[in-house]
Amino acid sequence: MPTLAVVNFNIVCATLGGFITLFGLVSYLFKEKFYLSEALISLVAGLIFSPRATNLIRPEEYALGDPETLETITLYFSRLVLGVQLVLAGVQLPSKYLKKEWKSLALLLGPGMTVMWLCTSLLIFALVPHISFLQALAVGACVTPTDPVLSNSIVKGKFADKNIPKELQKIIIAESGANDGLGYPFLFLPLYLIMHIGHGGLGQDNSASHAIGLWFGETWGYVILLSIVYGATVGWIAKELLHWAEERKYVDKESFLVFAITLALFIVGTVGMIGSDDVLACFIAGNVFTWDDWFRLETMDDSFQPTLDMLLNVTIFIWFGAVCPWNEFFHSPVISPARLFPLGILVLLFRRPPIVFAMHKHIHQIEEKRQAIYVGFFGPIGVSAIFYLYVSLEFLRQIKVDGEVRPDAKFLMEVMNVVVWFLCICSVVIHGISIPAGKLGVYLPRTISNVWSTDTREPEPFHVQEQSIESDQEPQQRSGTANTLPRLVHRIGRSIIRPDNVSSNINQSRESFQTPAPTPLGRRSLTATPAAQNSQDAIEIAPTSNSSLPNNVLQRTIRFPDEQTSAPAS
């Protein structure tokens, strides 16, 4: 007997499939007309589908009620999305881009990230109560990298094509891809210090030198340098193998197009197994993979990679909307809403814009001050921040005393869970509506001003006023009805508008207009200048018939104000 199978798998498939299908029907309208970010729309959808609303997506049930398992699922999901996105970001860049633009990238990744880290940490230290500066540095490091997933909304699409120069788009992509993997040194310096000297070094050796040694050896050596070497090696080998297979016609079109995606999955898995930086390795591999620009040019007109990119974006932000601790923003024991909301605004204002504006003269892709403001403002906080959040929580759980997480580490976990999530949500919302809000701010005052300035007494832009040319020798024509002006044919440019009941000899009118003939005494002839004769904007008022033309008017030419006039030929 048929029964209803309302299980989580069926519900998730129906919910995700239904939402993406319905969103696809109006996606162009929302993204290219209203300039709304698909990340923002997906985040709102995830909140609606979460247990706080319709309860269609139930993350806690998928994790079997274990919070740590739920965090692990979110961490791995974020790794997967970042790995694929960063390989695609590396593939999008032109040939040898990292080598050619190393100076601009060095400024953005060196002083730029350092100042972003310190400014964010100082704001957190000032607004979060009972937090130490080391702990604030750890929280600030999570939101220092800019997010490549959210950056796609400002470097792709109609708005980006119209308003953002191509070189500026490329440097934004390169920075957002590279700084995701380079967030590890900023994060693990305070984490190692907290572990070894925090809380009096309880449970550890209380040695700052040991912490610094681990930071240089493990973070810079094993995590950063190893991932760069590994990513470059795998990317180069993949490029050569694909060249070899394509030259011998061994690879079909489908496998060729999906090659970059499978490369990302391979790197995420292998680098994850050795415990290095899979995010940075994916970006380096993607750039080396298209070092000769061959693969990028071959797949430039293909829509498979953008389609997969869209599916990942929508899915990850629906998941974020479902797992985000929304209630903690208002009922957290570590920070009140009165401090949390100003923190979100101040971080977006002072985390990135000041340093980018200060360095923009040394970055040749940023040519104007308004471009510096734009690049500084659009440094979104997104998937990479959640990734580093759960990397930090996983590390802090290892700081234990007598089998329990040390009190300072436990407090930091609570602060990071609230602050990082809130800053991520703030960035998604603010950056998601900033473009339509900016458009509205430009067009709405202009529209209101045009409405208020409209006046019925305002003269028309162009007005033709008919006047009769009187002859001093025939004053008796003023009162005669038989000699009044006939109905005229108005000729604008090359089109003629003529009443149906009026006939005219147009060829004869043109000849009389272009070739002035001697006129009898008592008549005046107005001839057109050569410029007016050749102009399509000239307006000719020709009589309906040469036989019915009164003696005082032969023809008339009316010019626009910006045309030059000349005296009639004598």
Side-chain angles (χ1 to χ4, degrees), residues 12-50 52-54 56-57 77-78 81-82 84-85 88-89 92 146-164 168-169 172-173 176 301-324 326 344 348 374-375 377-386 424-447:
V12 169
C13 289
T15 302
L16 290 180
F19 169 75
I20 296 175
T21 301
L22 293 176
F23 175 67
L25 297 176
V26 292
S27 58
Y28 183 84
L29 178 66
F30 279 100
K31 292 162 61 176
E32 304 297 343
K33 294 295 183 181
F34 299 151
Y35 301 104
L36 289 172
S37 168
E38 63 187 16
L40 174 61
I41 298 172
S42 303
L43 184 73
V44 174
L47 175 59
I48 295 173
F49 299 147
S50 70
R52 299 165 186 82
T54 59
L56 294 175
I57 297 180
F77 194 7
S78 302
V81 173
L82 285 175
V84 174
Q85 290 276 4
L88 296 181
Q92 291 174 19
T146 57
D147 188 65
V149 181
L150 288 175
S151 295
N152 283 336
S153 62
I154 61 173
V155 297
K156 293 181 180 180
K158 186 173 68 174
F159 177 83
D161 294 338
K162 285 184 177 180
N163 299 279
I164 306 176
L168 198 59
Q169 295 181 28
I172 292 175
I173 293 173
S176 62
D301 298 328
D302 177 66
S303 60
F304 174 74
Q305 294 178 6
T307 301
L308 183 63
D309 179 53
M310 184 273 294
L311 288 174
L312 288 175
N313 290 351
V314 170
T315 307
I316 189 68
F317 281 100
I318 288 178
W319 179 258
F320 282 175
V323 301
C324 177
W326 299 95
L348 293 181
Y374 178 85
V375 175
F377 177 73
F378 279 100
I381 303 169
V383 180
S384 56
I386 305 304
C424 176
I425 299 300
C426 277
S427 179
V428 173
V429 173
I430 297 299
H431 292 114
I433 65 174
S434 56
I435 295 177
K439 288 282 186 180
L440 187 64
V442 170
Y443 289 118
L444 186 60
R446 185 182 301 173
T447 304

Using the six-membered ring wherever Trp is involved, compare the ring planes of His431 and Phe378 and label them parallel, tilted or perpendicular (cut-offs 30° and 60°).
tilted

Short question: side chain of Gln169, backbone of Ile164 - any donor-acceptor pair under 3.5 Å?
yes

Identify which one of Ile381, Leu43, Val383, Ile433 satisfies the side-chain contact (heavy atoms from CB on, under 4.5 Å) criterion when paired with Val428.
Leu43

Answer yes or no: is there a side-chain heavy-atom contact under 4.5 Å between Pro436 and Tyr35?
yes

Donor-acceptor under 3.5 Å (Ser27 side chain, Gly24 main chain)
yes

Note, Ser42 side chain near Val314 side chain (heavy atom, < 4.5 Å)
yes

Before giving the answer on side chain to side chain contact (heavy atoms under 4.5 Å, CB included), spell out for Gln85 and Asp309 the whole-Å C-alpha distance, their side-chain angles and the decisive distance to 0.1 Å.
CA-CA 7 Å; Gln85 290 276 4; Asp309 179 53; 2.5 Å; yes

Between CD1 on residue Ile48 and CD1 on residue Ile57, distance to nearest 0.5 Å
11.0 Å

A side-chain contact here means heavy atoms from C-beta on lying under 4.5 Å apart; do Tyr374 and Asn163 qualify?
no

For Val44, which of Leu47, Leu40, Ile41 qualifies under side-chain contact (heavy atoms from CB on, under 4.5 Å)?
Leu40

side-chain contact (heavy atoms from CB on, under 4.5 Å) with Ser176: of Pro380, Ser384, Pro148, only one passes, and it is Pro148

Distance check, rounded to the nearest 0.5 Å: Asp302 atom CG versus Thr307 atom OG1?
8.0 Å

Compare every heavy atom of Cys426 with every heavy atom of Gly344, then report the nearest pair and how far apart it is.
CA-SG, 4.2 Å

Between the CG atom in Leu56 and the CD1 atom in Ile318, the distance rounded to the nearest 0.5 Å is 11.0 Å

Any chance you could measure Leu88, atom CG, to Leu308, atom CG, to the nearest 0.5 Å?
7.0 Å

Step by step, would you call Asp147 with Leu82 a side chain to side chain contact (heavy atoms under 4.5 Å, CB included)?
CA-CA 9 Å; Asp147 188 65; Leu82 285 175; 4.3 Å; yes

Side chains of Phe23 and Glu38 in contact at under 4.5 Å (non-hydrogen atoms)
yes

Is it true that a side-chain atom of Trp326 and a backbone atom of Gly321 form a donor plus acceptor pair closer than 3.5 Å?
yes

Correct closest heavy-atom pair for Phe49 and Thr54 would be CA-OG1, 3.2 Å

For Ser78 and Phe320 the tightest heavy-atom approach is OG-CZ, 3.8 Å

Look up atom CG in Leu311 and atom CG in Leu16, then write down how far apart they are to the nearest 0.5 Å.
10.5 Å

A side-chain contact here means heavy atoms from C-beta on lying under 4.5 Å apart; do Ile430 and Phe377 qualify?
yes

